[in-house]
Amino acid sequence: MTIDKDASGITNSNVYQPYFDIDMHYKTFKNRRQQGQVKLEWTIKHAMRFGFVSAIVCAEVWQTSRAKTLEFLNKLVGMGLLQAAKTIRAADGRIYVLTYAGAQYARELTQIDFPFRSTSEPIQQVNQNSIMHDSILSLVLALGIQNSNTDGTPNPLWKAYLTELEFKRLFPSNDVKNVDALVLLKNNEVTAVEIEHSFKRKQQHEQSILKFKSALLGEQKLYDKVFLIVASTKIQQDTQRFYKQLLDEMPTRYDKKTKQPLLTESEAELLKEQIIIRTKFINLINDKFY
């Protein structure tokens, strides 16, 4: 799954490659032992990449009942690979994080050495303020890979991803603004994914547009386009309205420091094409998390 440098003019695309090489497609088998092994490896990789795993996401990807899903996750707790953490921040009251042994296994499976710190309380391993956001993100990224047509033919929306945690490790400096995730499309374009699950002020959207401008059109091109994944129809309408207003207005407004327009006309036109609002997951996000 190598990125063709000509297909994607991304700077440092090779930096993303080890993460894009992690196979996150959940395959189904008739053989129960084989299925159990696939489920185990998928869970460990998922927990490593997002910092935790949620039973809501597992049940949706595996297409198993909640009871069966919890039974399997608790089996991994019994094996010493996961720890359960109760929290009111999760839609269903709990998440699962890796143990030290689970982290070692994740390193073996992915061939990626990621930082891991044991904590006295499992919940301290994650940023509790972003559990809801990260659960939604992990569901969207996983289901994009699992996507299929109505007749069951696989039709993935993307073939690989890189999570926010991983992005922060690759770009620790404040110069590069974070994204929620990057995905590798079938045509080898790299697309940033942002989850919009709360209402934002116009000023916040303006900051996002300036961030996207430098990542899409700047000297160091980090991705080819942006998907804004909206969590409700109201948020979609709000986001669309602000983006339209801002991309029309910003070429006529000037940066106080540089005395230059915030965007040139041509930058605004390019951003209109490259920032895409996706509504595909609205019903699912509402159904599972709200």
Side-chain angles (χ1 to χ4, degrees), residues 18-128 130-143 145-146 160-169 181 288-289:
Y19 296 94
F20 286 158
D21 283 339
I22 304 171
D23 181 6
M24 295 305 293
H25 184 255
Y26 177 72
K27 296 165 194 67
T28 48
F29 293 96
K30 294 266 195 294
N31 180 312
R32 276 185 63 187
R33 198 183 61 78
Q34 223 174 353
Q35 195 63 61
Q37 185 60 28
V38 167
K39 208 175 270 189
L40 164 67
E41 291 179 7
W42 186 92
T43 308
I44 297 298
K45 289 187 288 191
H46 191 93
M48 163 195 152
R49 303 193 70 186
F50 293 93
F52 66 91
V53 69
S54 142
I56 294 176
V57 176
C58 293
E60 195 58 33
V61 172
W62 304 343
Q63 292 292 292
T64 50
S65 69
R66 180 160 176 82
K68 278 265 181 269
T69 305
L70 290 173
E71 187 187 322
F72 186 83
L73 292 170
N74 290 329
K75 190 171 100 176
L76 300 196
V77 171
M79 289 165 71
L81 297 171
L82 293 181
Q83 292 184 84
K86 291 195 167 149
T87 168
I88 54 168
R89 303 294 177 89
D92 59 345
R94 70 171 83 190
I95 56 169
Y96 292 81
V97 297
L98 292 172
T99 59
Y100 179 74
Q104 290 295 89
Y105 188 29
R107 288 190 183 106
E108 274 171 45
L109 289 172
T110 60
Q111 297 297 298
I112 287 176
D113 188 23
F114 69 101
F116 175 82
R117 59 186 184 92
S118 286
T119 50
S120 53
E121 290 294 325
I123 196 65
Q124 290 168 351
Q125 280 185 36
V126 297
N127 173 359
Q128 293 182 55
S130 66
I131 287 174
M132 189 70 153
H133 172 275
D134 294 349
S135 301
I136 294 171
L137 177 67
S138 69
L139 181 66
V140 165
L141 292 182
L143 291 185
I145 288 183
Q146 299 299 130
Y161 59 72
L162 178 128
T163 67
E164 183 178 14
L165 265 183
E166 294 161 343
F167 189 84
K168 280 180 182 164
R169 261 179 244 136
K288 298 293 168 193
F289 295 103

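To the nearest 0.5 angstrom, Lys27 atom NZ is 11.0 Å from Gln34 atom CD. If you take OG on Ser54 and CG on Leu139, they are separated by 8.0 Å, rounding to the nearest 0.5 Å. For the atom pair Arg94 CZ and Phe52 CZ, the distance stands at 14.5 Å (nearest 0.5 Å). Residue Arg117 holds its CZ atom at 7.0 Å from CD of Gln125, rounded to the nearest 0.5 Å. Atoms CG and CD1, from Leu109 and Ile44 in turn, are 7.5 Å apart once rounded to the nearest 0.5 Å. Met48 contributes atom CE, which lies 5.0 Å from atom CD1 of Ile112 (distance to the nearest 0.5 angstrom).
The aromatic ring centroids of Phe50 and Tyr161 lie less than 6.0 Å from each other.
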Yes or no on side-chain contact (heavy atoms from CB on, under 4.5 Å) for Ile131 and Ile123, after CA distance, side-chain angles and deciding distance? CA-CA 10 Å; Ile131 287 174; Ile123 196 65; 4.1 Å; yes
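Between Ser120 and Pro122 the shortest heavy-atom distance is O-CD, 4.0 Å. Between Leu162 and Arg49, the closest heavy-atom pair is CA-NH2, 3.8 Å. The two residues Ile136 and Phe289 have their closest heavy-atom pair at CG1-CD1, 3.7 Å. Nearest heavy atom pair, residue Gly51 against residue Val126, reads O-CG1, 3.4 Å. Here the shortest heavy-atom pairing between Lys39 and Thr43 reads O-OG1, 2.6 Å.
Within 6.0 Å of atom CZ in Phe29, more than 12 heavy atoms from other residues, nucleotides or ligands are found, so the atom counts as buried in its surroundings.
Aromatic ring pairs are classed by plane angle as parallel below 30°, tilted from 30° to 60° and perpendicular above 60°; the pair His46 and Trp42 is parallel.
Side chain of Arg107 to main chain of Phe114: a donor-acceptor pair is present (N/O by atom type, distance under 3.5 Å, no hydrogens or angles).
Inter-residue side-chain proximity for Asp134 and Glu164 is flagged as met; some heavy-atom pair is nearer than 4.5 Å. Put simply, the side chain of Asp92 reaches to within 4.5 Å of the side chain of Arg66, judged on heavy atoms. Residues Asn31 and Val38 fail the side-chain proximity criterion, which asks for heavy atoms closer than 4.5 Å. Annotation: side chain of Leu98 is not in contact with side chain of Tyr105 (no heavy-atom distance under 4.5 Å).
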Only distances under 3.5 Å count here; give the side-chain donor-acceptor pairs of residues 58-65 to other protein atoms, sequence neighbours excluded, each with its distance to 0.1 Å.
unit_1 : atom_1 : unit_2 : atom_2 : d
Glu60  : OE1    : Lys288 : NZ     : 3.1
Gln63  : NE2    : Glu60  : O      : 2.7
Thr64  : OG1    : Thr69  : OG1    : 2.8
Ser65  : OG     : Lys68  : N      : 3.1

Donor-acceptor contacts, no H, no angles, side chain residues 70-83, under 3.5 Å, sequence neighbours left out:
unit_1 : atom_1 : unit_2 : atom_2 : d
Asn74  : OD1    : Tyr96  : OH     : 2.9
Asn74  : ND2    : Leu70  : O      : 3.0

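Applying the side-chain hydrogen bond (donor to acceptor under 3.5 Å, both in side chains) rule to Tyr26 yields the partners Gln35; only residues at least two apart in sequence or on another chain are considered.
Residues Gln104 and Glu108 bring no donor and acceptor atom of their side chains to less than 3.5 Å of each other.
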